[in-house]
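Note that the coordinates shown come from a computational prediction; the quantities given were computed from them, not determined experimentally. Throughout, a chain's letter reflects where its sequence line sits, starting with A, and its residues are numbered from 1.
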Amino acid sequence: MTQEELFKKLIAHSKEYGFIFPSSEIYDGLSAVYDYGQLGVELKNNIKKYWWDSMVKLHDNIVGIDAAIFMHPRTWEASGHVGAFNDPLIDNRDSKKRYRADVLIEDWLAKQDEKIAKEVEKARKRFGENFDEGQFLSTNARVLEVGGKRDEMHRRMVEALTANDLEALRQVIVDCEIVCPVSGTRNWTEVRQFNLMFETKIGAAADGASTIYLRPETAQGIFVNFLNVQKTGRMKIPFGIAQIGKAFRNEIVARQFIFRMREFEQMEMQFFVRPGEEMPWYEKWKETRMSWHRALGFGDARYRFHDHDKLAHYANAAADVEFEFPFGFKEVEGIHSRTDFDLGNHQKFSGRKIQYFDHETGESYVPYVVETSIGVDRMVLQVLSASYAEEKLDNGEERVVLRIPAPLAPVKVAVLPLVKKDGLPEVAAEIIESLKFDHATQYDEKDSIGKRYRRQDAIGTPFCITVDHQSLEDNTVTIRHRDTMEQQRVAITDLPQIINNKVTMRNLFAKLK
RNA sequence: GCGGAAGUAGCUCAGUUGGUAGAGCAUUAGCCUUCCAAGCUAAGGGUCGCGAGUUCGAACCUCGUCUUCCGCUCCA
């Protein structure tokens, strides 16, 4: 089976068993929006709990908040999203290809640099050891011409981008005589802005309603509450603020199932440190976060770091944790050293002093921030794609099994009477009663026992408890393990403890570094 | 947004030259009572993605539209 086939099966399986549905399906769906079903929501909640507890419960210097999705519009000016989240796009009419205008120009600039470098190389060969590069660059006519134009175009591009002047930006493309790499023509459309932030209105239109945005990231809710939390929580640097919440991005193309959605959920922790101490913390959090992923037991080889060369406007270091999905290694989490960019800008834009007085050093400063930001939906997809397996059994039959780590499984225990008579269902019902306040349970008496095991395998239930005739005599039942399909006989009274030991989150926390 | 492919029951799919829609699995009820699914009986479930058009008649032909997948493009 190819990875592509596997991915398709996973999508079908997710729908068939109630994990993930296309949104508004009865109206033909809504592009790149999905709903979580009865099992999907359990899985997702368990993932969130694993993250939340590993951050907030296990660290006495990390606390959580839940900020609103709506934020003051100025927030997004301070964060840089109003400027940087707008991509200027241009289409070539012949090839029908779309490009980012500034990227086209950047490419052209790079080509000019290459030209100059080639001239230098040629001259070096000609003059040999006597070659003076500095003099050559400042006197050679060809180099001066190319370089001069390059610098002028670069200046105009920066000007146009800063002023948000789309027409000027297009003129730069025209003047550079940039051709489409595909069609080779210069038949360009206008430059258009594509805003990745969703807009809506607050207040009645008649009263001068103002435009507000659905947050494109949850981080800003933490930054604007920095002082509130630090002061009311008596937090001392270094400390962190964690948050789980929805964010929204109007992506040009959003695809690959729930990997890239327009509405998605983030789990973010912003860790505030002394200026200058951010790099050790950045390294520490990279390690901590990687161990969190690897504790799930999907195999260390399926994870890797991708260190960013090109940094976002706020960062001085950034890395992704990538997981090997059926469609390749892709980002599931980002660890960014955000410097004092965010707090500093909020200080500037709000006019409020956002600083921390450090009693140890006696200094007041804007803290630096190390961010860990993980996509909940990508985690769901990671768990599903790593867990899905089709196995050939000894008897020649096949089974589909989701090997979801027990603490994350949507259903922990299924209780099954071997037959639905002779008082076995009644015993099963009692067992459910003893477990259901602590664990997600299911009861099933329909069809043969083997079939019921398969159904539980398909949704990833780690344990099946089977009540048989012996149970009536000695108050024991069998526990059947999903992964090995082996069974063991235990006393009914021991069940709560046995199950609890097997499904507790502690089993994951124990593997964390 | 472009190009290609696709959309028929919960799932996987069939459906002939245009003649009022089928299978397997799944579901529900009953029978059977059996520790690794697919025994027996019965039932429910589809305005064939949506909307127009052509036609006496459209799942099938034409146009539009929506959605999904693949490739490009894009991606804090």
Side-chain angles (χ1 to χ4, degrees), chain A residues 4-5 7-9 11-18 21-34 37 79-81 84-85 87-100 103-104 180-183 189 192 194 196 216-217 219 247 249-257 259-260 266 308 310-315 318 320 327 330-331 334 336 338 341 371 373 375 391 393-395 397-401 416-422 424 445-458 464-470 477-478 480-482 484-487 489:
Chain A
E4 197 177 302
E5 286 167 346
F7 190 46
K8 280 187 176 162
K9 285 202 175 178
I11 295 170
H13 192 87
S14 298
K15 187 187 171 194
E16 187 168 358
Y17 287 92
F21 307 121
S23 165
S24 319
E25 204 184 3
I26 61 169
Y27 294 105
D28 296 329
L30 186 61
S31 184
V33 185
Y34 290 88
S79 72
H81 284 86
F85 234 45
D87 291 333
L89 300 173
I90 190 165
D91 294 328
N92 183 274
R93 289 202 178 90
D94 299 316
S95 65
K96 312 276 190 202
K97 295 281 177 199
R98 168 171 290 182
Y99 304 92
R100 255 178 68 174
V103 170
L104 274 182
C180 169
V182 174
S183 65
T189 63
R192 282 171 301 171
F194 199 100
L196 285 167
E217 66 173 20
R249 287 183 198 171
N250 198 4
E251 304 277 0
I252 301 168
V253 173
R255 265 197 234 147
Q256 269 161 335
F257 197 36
F259 185 79
R260 181 172 297 140
Q266 291 185 307
H308 289 208
K310 204 179 129 203
L311 296 170
H313 61 273
Y314 55 71
D320 295 337
F327 42 89
K330 298 281 178 184
E331 175 190 355
H336 302 123
R338 294 181 78 127
F341 177 88
E371 164 190 87
S373 172
E391 294 179 345
L393 299 180
D394 293 341
N395 62 11
E397 282 174 358
E398 260 203 6
R399 74 162 180 164
V400 174
V401 55
L416 319 168
L418 190 61
V419 294
K420 60 175 170 191
K421 62 177 189 183
D422 304 335
L424 300 189
E445 60 176 28
K446 174 82 180 163
D447 298 315
S448 75
I449 192 71
K451 197 166 188 172
R452 281 177 274 166
Y453 287 149
R454 290 291 196 285
R455 273 205 286 264
Q456 296 301 327
D457 287 341
C464 290
I465 293 169
T466 307
V467 179
D468 57 16
H469 290 94
Q470 190 183 331
V477 291
T478 60
R480 181 259 192 190
H481 296 246
R482 175 194 67 199
T484 61
M485 295 172 68
E486 280 167 8
Q487 286 176 280
R489 185 161 283 275

| said: Please give the distance between the C1' atoms of B/rG44 and B/rU67 as a whole number of Å. | reply: 28 Å
| Whole-angstrom distance between B/rU12 and B/rU68, as gauged at atom P | 16 Å
| P spacing across the pair B/rC61 / B/rU8, given as an integer number of angstrom | 15 Å
| said: If I pick the P atom on B/rC70 and the same atom on B/rU27, what distance separates them, to the nearest angstrom? | reply: 30 Å
| message | Rounded to the nearest 0.5 Å, what separates atom CD in A/Glu16 from atom NZ in A/Lys9? | response | 11.5 Å
| A/Arg399 side chain vs A/Glu391 backbone, donor-acceptor pair below 3.5 Å | no
| field | Option from A/Met485, A/Arg482, A/Arg480 for which side chain to side chain contact (heavy atoms under 4.5 Å, CB included) with A/Tyr453 holds | value | A/Arg480
| said: Taking the C1' atom in each of B/rU55 and B/rC60, what is the distance between them to the nearest angstrom? | reply: 13 Å
| A/Glu25 CD to B/rU67 C1', straight-line distance once rounded to whole Å | 10 Å
| For every nucleotide of nucleotides 21-37 of chain B, 5' to 3': is a protein heavy atom under 4.0 Å from its base (B), only from its sugar-phosphate (S), or from neither (-)? | -----SS-----B-BBB
| request: Please measure how far the P atom in B/rU65 lies from the corresponding atom in B/rG3, and state the result in whole Å. | output: 11 Å
| field | Expected output: side-chain A/Asp422 to main-chain A/Leu424 donor-acceptor under 3.5 Å | value | no
| field | Sidechain-backbone polar pair: A/Arg452 side chain, A/Pro417 backbone, donor-acceptor under 3.5 Å | value | yes
| Nearest-Å distance once atom C1' is located in both B/rA9 and B/rC74 | 38 Å
| More than 12 non-hydrogen atoms from neighbouring residues, nucleotides or ligands closer than 6.0 Å to CZ on A/Phe327, yes or no? | yes
| note | Taking a pair to mean Watson-Crick or G-U wobble geometry with both distances below 3.5 Å, B/rA6 pairs with B/rU67
| message | Determine whether a donor-acceptor pair (one donor, one acceptor, N or O, separation below 3.5 Å) exists between the side chain of A/His308 and the base of B/rA76. | response | no
| query | Using atom C1' of each nucleotide, how far apart are B/rG19 and B/rG57 to the nearest Å? | reply | 7 Å
| field | Polar contact flag, side-chain donor to acceptor under 3.5 angstrom, A/His336-A/Glu371 | value | yes
| note | Closest to the 5' end of RNA chain B, once A/Ala12 and A/Tyr34 are matched to their nearest nucleotides, is A/Ala12
